[in-house]
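For the single chain, residues carry numbers from 1 onward in sequence order.
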Amino acid sequence: TGLSDHEVIRKRLLIDGDGAGDDRRINLLVKSFIKWCNSGSQEEGYSQYQRMLSTLSQCEFSMGKTLLVYDMNLREMENYEKIYKEIECSIAGAHEKIAECKKQILQAKRIRKNRQEYDALAKVIQHHPDRHETLKELEALGKELEHLSHIKESVEDKLELRRKQFHVLLSTIHELQQTLENDEKLSEVEDAQETIMEADPKP
């Protein structure tokens with residue numbers, strides 16, 4: 001026919017389905033049975049009988065092989081289902097681990113942020129004196145303020161005393177000035193009287 005081996009194999013696969021040749025064997029078995037029925041001699045019938053047995057053996061072998069392949073496929077499917085379930089369990093476990101890792105990451109970030117804030121506060125606190133030193137300074141400032149208050153009161157008392165003394169001094173100067181003015185007026189009157197007496201001598 002001029003067909004290549006590849007084309008022959010492809011044609012047989014298309015005819016036989018999976019390439020096992022069951023249809024061909026059944027056809028041969030039917031033909032052998034017909035020939036056996038139509039055989040004229042005992043030798044020819046025996047030969048056709050052996051061919052039918054051989055074809056039946058091949059069919060049984062092919063059927064047994066097919067059953068083995070079927071069982072193997074069932075076991076493979078069960079194995080694949082088991083593997084699929086294991087993979088699903090592994091995926092679920094991986095998702096749980098990922099969720100737990102995310103929680104741990106968030107907690108670690110929170111702890112890191114708290115530590116950074118704590119370090120910043122610690123640096124700020126280090127620049128300020130401690131409470132004991134601050135109380136000592138406040139106590140010293142209170143004593144100094146009290147001392148300055150006493151000094152202020154003393155200065156105010158002195159200023160009040162000086163104001164009073166200055167007022168007395170001003171009063172004394174005013175009285176002295178008044179006395180001097182009176183004395184001056186009296187002296188002027190006496191001088192005037194003397195002048196009059198000198199101008200008008202007695203008879």
Side-chain angles (χ1 to χ4, degrees), residues 1-139 141:
T1 58
L3 295 175
S4 63
D5 293 338
H6 178 72
E7 291 177 350
V8 172
I9 293 173
R10 185 171 63 84
K11 186 175 181 180
R12 286 183 179 180
L13 289 174
L14 291 174
I15 294 173
D16 295 340
D18 59 352
D22 294 336
D23 293 338
R24 185 176 61 83
R25 291 190 186 96
I26 292 173
N27 291 331
L28 289 174
L29 181 61
V30 172
K31 290 179 180 180
S32 298
F33 180 74
I34 293 172
K35 287 181 180 181
W36 178 71
C37 293
N38 296 325
S39 60
S41 62
Q42 186 177 358
E43 291 180 357
E44 185 180 356
Y46 182 75
S47 176
Q48 293 297 329
Y49 177 72
Q50 292 295 327
R51 288 180 181 178
M52 285 190 296
L53 290 178
S54 176
T55 304
L56 285 173
S57 297
Q58 291 178 1
C59 291
E60 289 178 354
F61 176 78
S62 178
M63 184 177 179
K65 182 180 177 182
T66 303
L67 290 175
L68 290 175
V69 172
Y70 177 73
D71 292 337
M72 184 184 68
N73 289 333
L74 288 178
R75 288 193 296 271
E76 286 295 326
M77 288 180 65
E78 292 177 355
N79 188 27
Y80 288 149
E81 289 180 356
K82 182 179 179 181
I83 293 173
Y84 180 74
K85 290 181 180 178
E86 290 178 354
I87 291 173
E88 283 185 342
C89 293
S90 299
I91 292 173
H95 283 302
E96 292 179 357
K97 289 182 179 179
I98 290 172
E100 185 65 25
C101 290
K102 287 182 178 179
K103 291 181 181 178
Q104 292 178 0
I105 289 173
L106 291 175
Q107 184 177 4
K109 288 182 178 179
R110 193 179 301 111
I111 292 173
R112 181 182 178 185
K113 182 179 179 182
N114 292 336
R115 286 181 177 176
Q116 290 177 348
E117 292 178 353
Y118 173 79
D119 292 339
L121 289 175
K123 290 180 181 179
V124 173
I125 291 172
Q126 286 178 355
H127 291 292
H128 296 278
D130 57 4
R131 186 169 181 269
H132 181 69
E133 294 294 331
T134 303
L135 291 175
K136 286 178 64 177
E137 291 180 1
L138 288 175
E139 185 178 358
L141 290 174

Treating Ser90 as the side-chain partner and Glu86 as the backbone partner, does any N or O pair qualify as donor plus acceptor under 3.5 Å?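 Side chain of Ser90 to backbone of Glu86: a pair is present.
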Identify all side-chain donor-acceptor contacts of residues 97-109 below 3.5 Å with residues at least two apart in sequence or on another chain.
none

Rounded at 0.5 Å granularity, tell me how far CD1 in Ile111 sits from OH in Tyr118. 15.0 Å
Mind checking the NZ-CG spacing from Lys65 to Leu68? Nearest 0.5 Å is all I need.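 So the NZ of Lys65 and the CG of Leu68 are separated by 10.0 Å.
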For Met72, does the CE atom sit with more than 12 other heavy atoms under 6.0 Å from it, leaving out its own atoms? yes
So, using side chain to side chain contact (heavy atoms under 4.5 Å, CB included) as the criterion, who are the partners of Asn114 when residues are at least two apart?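 Result, side chain to side chain contact (heavy atoms under 4.5 Å, CB included) vs Asn114: Arg110, Glu117.
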Residues at least two apart in sequence or cross-chain that pass side-chain hydrogen bond (donor to acceptor under 3.5 Å, both in side chains) with Tyr84, listed by chain then number, are Glu88
Would you please name every residue forming a side chain to side chain contact (heavy atoms under 4.5 Å, CB included) with Ile91, sequence neighbours left out? Ile87, His95
Side chain to side chain contact (heavy atoms under 4.5 Å, CB included) partners of Asp71, counting only residues at least two apart: Leu74, Arg75
